[in-house]
Amino acid sequence: MQRYSGFGLFKHSLSHHENWQKMWRTPTPKKVYDVIIVGGGGHGLATAYYLAKEHGITNVAVVEKGWLGGGNTARNTTIVRSNYLWDESAHLYEHAMKLWEGLSQDLNYNVMFSQRGVYNLCHTLQDMRDSERRVSANRLNGVDGELLNGKQVADEIPYLDCSKNTRYPIIGATVQRRGGVARHDAVAWGFARAADALGVDLIQQTEVLGFRKENGVCIGVETSKGFIGAKRVGVVTAGNSGHMARQAGFRLPIESHPLQALVSEPIKPIIDSVIMSNAVHGYISQSDKGDLVIGAGIDGYNGYGQRGSYPVIEHTIQAIVEMFPVLSRVRMNRQWGGIVDTTPDACPIISKTPVPNLFFNCGWGTGGFKATPGSGNVFAASLAKGEMHPLAAPFSIDRFHTGALIDEHGAAAVAH
Amino acid sequence: MTTANVYQQRPDSGAKAESSLHQANLAGLIGKGRKNPGVTVREKKLLGHLTLRGDAKDPAFAEGVHKALGLELPVALSLVAKEDTSLQWMGPDEWLLIVPGGQEFAVEHALRAALAGLHISVVNVSGGQQLLELSGPKVREVLMKSTSYDVHPDNFPVGKAVGTVFAKSQLVIRHTAEDTWELLIRRSFSDYWCLWLQDAAAEYGLNVEA
Amino acid sequence: MLHIFCPHCGELRSEEEFHASGQAHIPRPLDPGACTDAEWGDYMFFRDNPRGLHHELWNHVAGCRQFFNATRNTVTYEILETYLIGTQPQFTEQAAPLTTTATREQGEKV
Amino acid sequence: MSQTHRLPNGGRVDRSKVLTFTFNGQQYKGYEGDSLAAALLANGVDVIGRSFKYSRPRGIYAAGAEEPNAVLQIGATEATQIPNVRATQQALYQGLVATSTNGWPNVNNDVMGILGKVGGKLMPPGFYYKTFMYPQSFWMTYEKYIRKAAGLGRSPTQNDPDTYDYMNHHCDVLIVGAGPSGLAAALAAARSGARVIVADEQEEFGGSLLDSRESLDGKPAMEWVGKVIAELKELPGVTLLPRATVNGYHDHNFLTIHERLTDHLGDRAPIGQVRQRIHRVRAKRVVLATGACERPLVYGNNDVPGNMLAGAVSTYVRRYGVAPGKKLVLSTNNDHAYRVALDWIDAGQQVVAVADARSNPRGALVEAARAKGIRILTASAVIETRGSKHVTGARVAAIDLKTNSVASPGEWLECDLVATSGGYSPVVHLASHLGGKPTWREDILGFVPGEAPQKRVCVGGINGVYGLGDSLADGFEGGVRAASEAGFKAVEGVLPKALNQHHEATLALFHVPHEKGTARAPKQFVDLQNDVTAAAIELATREGFESVEHVKRYTALGFGTDQGKLGNVNGLAIAARSLNVTIPQMGTTMFRPNYTPVTFGAVAGRHCGHIFEPVRYTALQAWHVKQGAEFEDVGQWKRPWYFPRNGEDLHAAVKRECQAVRDSVGILDASTLGKIDIQGPDAREFLNRIYTNAWTKLDVGKARYGLMCKEDGMVFDDGVTACLADNHFVMTTTTGGAARVLQWLEIYQQTEWPDLKVYFTSVTDHYATLTLSGPNSRKLLSEVTDIDLDREAFPFMTWKEGLVGGVPARVFRISFTGELSYEVNIQADYAMGVLEKIVEAGKPYNLTPYGTETMHVLRAEKGFIIVGQDTDGSMTPDDLNMGWCVGRTKPFSWIGWRGMNREDCVRDQRKQLVGLKPVDATQWLPEGAQLVFDPKQTIPMTMVGHVTSSYAHNSLGYSFAMGVVKGGLKRIGERVFSPQADGSVIEAEIVSSVFFDPKGERQNI
């Protein structure tokens, strides 16, 4: 792999950048792989990378029906945090957070992970109770978190309307200072480049149409370019998981909904951190390019259209203007939608399935991006060993039968 | 066996009564608006409101209602009225009956008598809602600012009544005469509606009538 | 923003008046006690979530407060029909084309 | 010198109305009717900004929505600042203040520009992915400077003084664009009697006719426009919206229009007017007459001020009477662009030469130019331009498209304006917002709308129909079609005659070759706003980015405020060539709303400030305010939280209120609790199925507490339900749960058990509820009621009707405080009168109003739960130690029963609700605090539960709490610990959750 550095950049500038290598190959699929990852998004690419790097399994293919990182990796609001309430989630997301913290160096690709701090605003007494509960749990789980009072919030977040005149006055907030944002595309490309360098085949423009089973055991995937054999198959197709499960012959406790986001025109820095509010339903950060990146809750109905309902956009912007009245004259540039796979307990499914050797990693709802390295890391370990990684084990499909849900709803009605 | 508990809820007389707009101080705005206002607001307060439920497909139900009220059951999205009494379709098994204040007890008895033996429900909701009449040449514009329902007369002729969204909540809009409309507002939301309407009508001029 | 024909009101109304309540035609098991945990879990949580025709339950919350069913394409968002609770859809994945080419939608007054 | 570049006559500006404006601190003059861009050009302003990445000087490039460079900060005061206004779309007004958004110390002498020149080479696309990685800790510092340099304009730092609103419309036909085809469509549709809305983004209707050389019926084309507008205005049902951009095409023919009502008058709306309005339109049919947008050719240094779109030059000359130069060189690959040469000559300026990439152009306009003696260099193009802050020359050379190379050294032509035209791109944005993929048409070298299920008709330029006569006919036909599909009978009409000129085909040239090759040539910009060059696109493909989305994301092509209106097709063409595929194989990126940016305030509408969301009040609100209550938000309700007296804080007030209730009597406004009237012969059976406990034996006159679970067995609401008659009940719910519970009942009745005969009606608003609680409540109430309050006659958990304060009331004897209590329900209209009588009678008893906080304390002392505070959606009744409320033998498998018997719900060591008593009675356990058995363990600790409710100030005299603890009910008497943020640990004993009057004697006196 051609290493990236400031010096390298200078050297290439002398030859007018005519000699940069391809970031990844365009391989022809082999007949059989040790592991096939279905889905070339951030999670899938990370899985492939960690399979190769940490488990020495390099005979791996990532099969992607479109282009790498073209699903929710390309359509989210790039927030990274790990301040989840329940132990199982906190441990998983904190695992991801630790990987984020060295990811650019690990991948030799700047994913621009920027620990600007993530604030969750409190508007009611119950918000304060829930926040104390979450921050207290975070602290005892080794996840950083602070609970701020109204005055501290006003001091830390300029232009936030902390007056008593608002409809839902802000009375406090939690902050995770290690939380922040990352450059979403770079995450997919960085993992892809590093995985490719370790020998992983990235097979784009190839759709998985079904799973071939022998004696009920998965032995490979049927694709638009023919059958590809595999000892184990991991499916990581956010926004399409229900459909893939149907191809494999079972159902999931998942419904796919549109999740919308929008950006403003680029403006000079005004929002320095990530600010989220469940009560008024909106969250906002500012990208390095200057766009205000804004999102809200999911649309109410199932949809695979990568677009959502206009009233959701209205409500979101109303929330932003309510929180930051100074932004009223700034203008919205572009809106879009992703497709999120939601589960009843707002937690992912990282699990074996009724089909032996077929594993699913899905149901991340609105929280997938922030988990990318952690999700890939534990899924890779599970695929390598054929047994679920301890951090992944609580996220099995079985919990929807036994009742052992990990209910993040209370803590994350508008999770991201 | 008594099927329902019905009691006279309104005091005889002399008791202090406040409509839901009392605290929004609509009364304080009476006569203080612009001349030739685009919108005139009038409270129709302290009327008797009864929610009637029953099976529209059962002829006995329709007959009973007619017997008690002298009104035909209105079909979907419509309103029938006789003098100060109106009966409005609210849903396939639900109607809203509005009668002059104080009559609701007697009317409920009459209805229950006429519908005896049928599976019905009559509920006095007089304290929870009231009518707000909007009239004037600019009412339609104010409604267009407030609801995504089509209020053009082609779609919303006089005599029609619909439940829909209004600003960030829900209410019923009734078209009662060419430039006259009624909003059926819930008590606890009254303050919000009042502020909303004042704001929406400001550019056209708003007058409050007693 | 969807335009939904309420079969009770007999009109097309804006999405804002409605609340989506998930997949339709999921009857509550008549004898829950006879269900295994897995069966009960399936009833509560597992859904078809199709890409294409979806039969779903809607409530006209701002209007007549009634529930009804709709057959909607989850990719194009076209609504092929709305129908009363207790009745069956005309359009099903097997029986109908995924998109209609009809120039008029249900309830459209022209 | 003023308006040096203003032509002596011509244009649609009103020269009698001189307007003064300021740009970068300097005052200029312009005319009414000018755009800001036109006025700047009239004053010879070259450099209006610096580019995003390389800080290169930039000038006005276009005349409309596609402008990439002239993106300015507008506003005379801090509160009225508007970032990123396109000068081409901003009408000039008296006193307008504009500044450049980049450039330090100013746009003409920019330090970053020097850096850009030096460092530009180090900033290929994606350079930031390749560097700034080491050392790890430095990224935040690098980033700080990157952020400072990025962004265009700035947000105001004061609140917006203006207001915005919505207007909802329903129409038969919405026509987008009021150019020739749109107006023809409007005539056809409107004459049929349909409800028609015509929206156009420009200051006035006319579209391309506003600067057209062409005539209709032998008269200037704008005369026809005037006639059409006059006719449309007379027709009922027609709404004309100029200055109104249709920004989004959403599902089911819902479109949003952003109308700028006052932006042409000033930076602040006149008093009493809204600044901007969003029209939310549901259209039966949509006619898209959005036209086409000229695209430039890509050549070296094509960004130096003085390079301009050919059509824009014509616009400035003919519409504004402004000549943005003297000596023009035109580089084109098509016939249409020749009109700029003719307009330029007509304006008395010099055309140096036309470079036409085609080898033998013979179209009508070409011949007209030849006839005027204009020098035409064929098979040639402008290869590059020169000039630092303004163009001083252009090199025209022969090009060989087969080999994609320069075929002659060419010659440098001295000029001060280079007009460029690379053909036209139909404006397919709206047609594609819902995902309909546009299709490439090789004959017009542009994407046209693809098939889509939407009920829409595309007419004119968007279809690649460019001739005026054809466009009118296409528009009219489209209008007829739209109206008839919407149910109207179209009437025939006669269209004005246009001279249809012979146009030859456009040549497929996008990127002009350079001898040095793309990587080494002077920068050839594809996306001017984002500084994306042809070399950058080639580099992206070289590095393996093969999909259009990848190329776009890697280079930032099309991510600007112009969303790539000029650059996208050129970028695609370059990428396609580089990957050796065709343009349609390359495909397009997604088009998403908005077409042009929309003010946040306008999208928010009036839903901000005091009417952001509904506030709900009870009938007693005025009284609460008079008593000085502090309020708490509970759902949409404002509820009195506590009633401070004489400067008391929360704790002091609550302690006093608690004591008053325990000692004498207090009064609470409980009107916000949900109340549902339930009638029908199956009401009782329904309650049996929906509640966890049994209702079969509840007699008329009695009331009972019930829990509701979801199918998973988790508690989701609770309340008291009373039997009013055999078939008649009234249910109470939590305040926040009222709407949810009613929905819950309805969904089961309507979809699951339609055979059960029962009706539900909300009476939450109908009744006001006054709770009198305390040992003296009976005495007090007896003074204002005729009801027999005797203990035997009116026992606990029953209800009576009678007069209270002279008003008929239904009184429930139930208790949430543990004290003797009465809940008085009266029709809300009469609540205030009744309250006043009770308060008067209460004076001797020190009747004390109390709020939600005191209510919470008193109920916690009794161990009563609050759903949502002591529960979180993961607790069964058994977890709450409320197994007594579970009907384990009810015949029907009620909602929740099966769920709470799943494997995980019946295991040991579930978290259970218990009381917690800090060992140090003065310590307060924070609500939410996590609990552990072993405080000395290392992190991550094993947590065993958390505090749900906690009160240090109460009637007990010591701090106590409720909380959930793993296996807690079997651990009564054991200790738990709560490690705090400050390192301290609070130790507490696990106790029964009933702290006060465990036998329940006081409520039963």
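All chains are named by letter (A, B, ...) in the order of the sequence lines, taking the proteins before the strands, and each is independently numbered beginning at 1.
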Hey, mind stepping through D:Glu143 and A:Arg116 against salt bridge (Lys or Arg N to Asp or Glu O under 4.0 Å) and telling me if it holds? CA-CA 11 Å; D:Glu143 194 184 32; A:Arg116 328 193 61 78; 2.6 Å; yes
Report the distance from atom CE of D:Met133 to atom CZ of A:Arg3, rounding to the nearest 0.5 Å. 7.5 Å
Apply salt bridge (Lys or Arg N to Asp or Glu O under 4.0 Å) to A:Arg399 and D:Asp904, showing your working. CA-CA 9 Å; A:Arg399 71 183 192 272; D:Asp904 191 71; over 6 Å; no
Derivation of the side-chain hydrogen bond (donor to acceptor under 3.5 Å, both in side chains) call for A:Arg329 and D:Gln81: CA-CA 7 Å; A:Arg329 292 169 91 87; D:Gln81 290 297 307; over 6 Å; no
Mind checking the OG-CZ spacing from A:Ser114 to D:Arg147? Nearest 0.5 Å is all I need. 6.0 Å
Among D:Gln73, D:Glu543, D:Glu632, D:Lys130, the residue with the most heavy-atom pairs under 4.5 Å to chain A is D:Lys130
A:Gly142, A:Ala404, A:Gly6, A:Pro158: which one forms the most heavy-atom pairs within less than 4.5 Å of chain D? A:Ala404
Please tell me if the side chains of D:Leu539 and A:His17 come closer than 4.5 Å, counting only heavy atoms from C-beta onward. yes
Answer yes if the side chains of A:Tyr159 and D:Asn159 hold a donor-acceptor pair under 3.5 Å, and no otherwise. no
Most contacts with chain D, counted as non-hydrogen pairs under 4.5 angstrom, among A:Phe10, A:Phe324, A:Phe7, A:Tyr109: A:Tyr109
Between atom CE of A:Met332 and atom NE2 of D:His258, what is the distance when rounded to the nearest 0.5 Å? 11.0 Å
State, yes or no, whether a side-chain contact exists between A:Asn141 and D:Met941 at a heavy-atom distance under 4.5 Å. no
What part of D:Asn901 gets closer than 4.5 Å to chain A, counting heavy atoms only: side chain, backbone, both or neither? neither
Which one wins on heavy-atom pair count under 4.5 Å against chain A: D:Thr938, D:Leu152, D:Ile82, D:Thr518? D:Leu152
Atom OG1 in D:Thr948, atom CZ in A:Arg129: separation rounded to 0.5 Å? 9.0 Å
Give, as side chain, backbone, both or neither, the part of D:Tyr595 having an atom under 4.5 angstrom from any heavy atom of chain A. neither
Taking side chain as everything from C-beta outward and backbone as N, CA, C, O, which of these in D:Ser155 sits under 4.5 Å from a heavy atom of chain A? Side chain, backbone, both or neither. both
Could you tell me if the ring centre of A:Trp336 sits under 6.0 Å from that of D:Phe591? no
Can you tell me how far the CD atom of D:Glu546 sits from the CH2 atom of A:Trp24, to the nearest 0.5 Å? 9.5 Å
Which answer fits A:Ser287, side chain, backbone, both or neither, if we ask what part of it has an atom under 4.5 Å from a heavy atom of chain D? backbone
Does this structure show an ion pair linking A:Glu18 with D:Arg520, if we count only N-O contacts that are shorter than 4.0 Å? yes
Do A:Val321 and D:Tyr164 pass the side-chain contact (heavy atoms from CB on, under 4.5 Å) test, and can you show the C-alpha distance, the side-chain angles, and the key distance before you say yes or no? CA-CA 12 Å; A:Val321 173; D:Tyr164 309 82; over 6 Å; no
Measure up the A:Trp189 and D:Tyr129 rings against each other and bin them: parallel (under 30°), tilted (30 to 60°), perpendicular (over 60°). perpendicular
For the OG atom of A:Ser309 and the CZ atom of D:Phe254, what is their distance to the nearest 0.5 Å? 8.5 Å
Step by step, work out the side-chain contact (heavy atoms from CB on, under 4.5 Å) result for D:Ile278 and A:Tyr310. CA-CA 12 Å; D:Ile278 299 281; A:Tyr310 181 69; 4.0 Å; yes
Axial cation check for D:Phe545 ring with A:Lys22, 6.0 Å and 45° limits: no
What part of A:Leu103 gets within 4.5 angstrom of chain D, counting heavy atoms only: side chain, backbone, both, or neither? neither
